[in-house]
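The shown structure was predicted, so the numbers you read here are calculated from the model rather than taken from an experiment. Heavy-atom basis, side chains included; hydrogens, waters and symmetry copies ignored. Chain letters run A, B, ... following the sequence lines, proteins first, then strands; residues in each count from 1.
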Amino acid sequence: MAIGVGDKLPDVTLQGLDGETVTLGRLRGKRRLLYFWGSW
Amino acid sequence: MSDAHKDADFEILSIAMEHTGAEQARPFVEVAGATFPTLVDDTGATATAFGFKAVPNGVLIDADGVVRYAKYGGFSVEHAEDRAAVERFAAGEDTIVSPADVTPYALGPTEREVVATRLRLGRLLDSLGRREEAVAEWQGALRHDPENLVIRKQIWAALYPEKFHPTIDWDWQRERLARERAEEIAAGVCGPDGCPLPAR
């Protein structure tokens, strides 16, 4: 099943456009909207 | 708590599923005038790890990193109900209801790991200039999940870059997808949800 309510985020690490490195599974401290999109 | 304080505890994180790399995503972010950070997934790793095969998707997480809402496919802040869910969550509400039809993803954890590994290996090979081997790894990943457009477009972008720059050839993509799927189904590569019935 897809990641859903009650699950933790997976530990995928991505680079940002401003050079930052973020591991999704380590996000803490704020409520967040993760918005996945594509230009294609 | 004042509303201003609550809003300070909320952040948007955009994730561009851009298989051609960060620089392809940048103009879209700049045109939108986004004030929030954008991360780039150029290998499809999040699609595999989260279990989605298409975009746009919205996932709300709390301050402990736990998912409190997920909508896969068709998520947009221009849709009233999606926007309302985000605004209420940002304001501190906890009982946000996700859409019932979360896209099913029938690959087991071992198979997902195989797909993720082959995606990473392909990316490493591509970065070393070993393009043919990279595409072979991505095609291996696609055989496990032939409905996965994120993986398929990664392959297309590598083999047919002219179909993505300077503009995206959507007609080509439609024809190509139909042809490739027909060939795969004829060869018995149907994916975890089984073989679709032939069109009448």
Side-chain angles (χ1 to χ4, degrees), chain A, chain B residues 8-20 22 24-29 36-42 45-47 49-52 54-70 72 75 77 86 89-90 92 98 102-106 150 153 157 164 168 173:
Chain A
M1 287 297 293
I3 296 282
V5 175
D7 291 335
K8 295 241 166 200
L9 294 187
D11 274 334
V12 176
T13 299
L14 303 173
Q15 302 295 316
L17 290 181
D18 296 329
E20 69 273 44
T21 301
V22 176
T23 299
L24 298 183
R26 306 229 183 110
L27 289 170
R28 296 287 185 279
K30 290 186 193 190
R31 298 188 155 206
R32 287 181 170 88
L33 166 65
L34 271 60
Y35 174 57
F36 299 84
W37 60 281
S39 64
W40 37 265
Chain B
D9 296 326
F10 177 77
E11 180 184 84
I12 296 174
L13 187 56
S14 109
I15 297 170
M17 307 300 296
E18 193 50 66
H19 39 70
T20 58
Q24 186 70 359
R26 194 182 298 277
F28 291 88
V29 174
F36 42 80
T38 291
L39 307 178
V40 179
D41 181 352
D42 58 3
T46 59
F50 278 75
F52 61 79
V55 289
N57 310 314
V59 175
L60 292 168
I61 59 169
D62 63 22
D64 297 319
V66 176
V67 175
R68 304 303 289 262
Y69 166 100
Y72 295 103
F75 176 88
V77 290
V86 175
F89 186 74
S98 295
V102 172
T103 307
Y105 196 82
V150 175
K153 292 193 190 202
F164 291 81
I168 299 174
Q173 284 198 16

**Asked** Between Leu9(A), Asp11(A), Leu17(A), Val5(A), which residue shows the highest count of heavy-atom pairs closer than 4.5 Å to chain B?
**Response** Leu17(A)

**Message:** Testing the basics here: between Ile3(A) and Ala70(B), what is the closest heavy-atom pair and its distance to 0.1 Å?
**Reply:** O-CB, 3.9 Å

**Request:** For Trp37(A) and Ala25(B), work out which heavy atoms get closest and say how close.
**Result:** CH2-O, 4.1 Å

**Request:** Check each atom of Val86(B) against the heavy atoms of chain A and say whether the ones under 4.5 Å are side chain, backbone, both or neither.
**Result:** side chain

**Prompt:** Given that the side chain runs from C-beta out, which part of Arg26(B) has a heavy atom under 4.5 Å from chain A: side chain, backbone, both or neither?
**Reply:** both

**Asked** Quick check: does any side chain N or O of Tyr35(A) sit under 3.5 Å from a backbone N or O of Pro56(B), one acting as donor and the other as acceptor?
**Response** no

**Asked** At what distance, to the nearest 0.5 angstrom, does CZ of Arg31(A) lie from CG of Asp64(B)?
**Response** 9.5 Å

**Item:** Choice from Val67(B), Val150(B), Val55(B) maximising heavy atom contacts with chain A below 4.5 Å
**Value:** Val67(B)

**Message:** So, taking the atom named CG in Leu14(A) and the one named CG in Leu13(B), what distance separates them when rounded to the nearest 0.5 Å?
**Reply:** 8.5 Å

**Structural part of Ile168(B) lying under 4.5 Å from a heavy atom of chain A** = side chain

**Asked** About how many Å separate CG of Asp62(B) and CZ of Arg32(A), when rounded to the nearest 0.5 Å?
**Response** 11.0 Å

**Asked** Say you draw a straight line from CG of Leu34(A) to CD of Glu11(B); how long is it, rounded to the nearest 0.5 Å?
**Response** 9.5 Å

**Asked** Which atoms form the tightest heavy-atom contact between Pro37(B) and Glu20(A), and what is the distance?
**Response** CB-OE2, 3.6 Å

**Asked** In terms of heavy-atom proximity below 4.5 Å to chain A, should Phe75(B) be classed as side chain, backbone, both, or neither?
**Response** both

**Message:** Just to verify, which of Asp41(B), Leu39(B), Ile61(B) counts as forming a side-chain contact (heavy atoms from CB on, under 4.5 Å) with Leu24(A)?
**Reply:** Leu39(B)

**Prompt:** For Phe36(A), what residues pass the ring pair (Phe, Tyr, Trp, His ring centres under 6.0 Å) criterion, not counting sequence neighbours?
**Reply:** Phe50(B), Phe52(B)

**Prompt:** Looking at Ala54(B), Gly65(B), Ala63(B), which has the largest count of heavy-atom pairs under 4.5 Å with chain A?
**Reply:** Ala63(B)

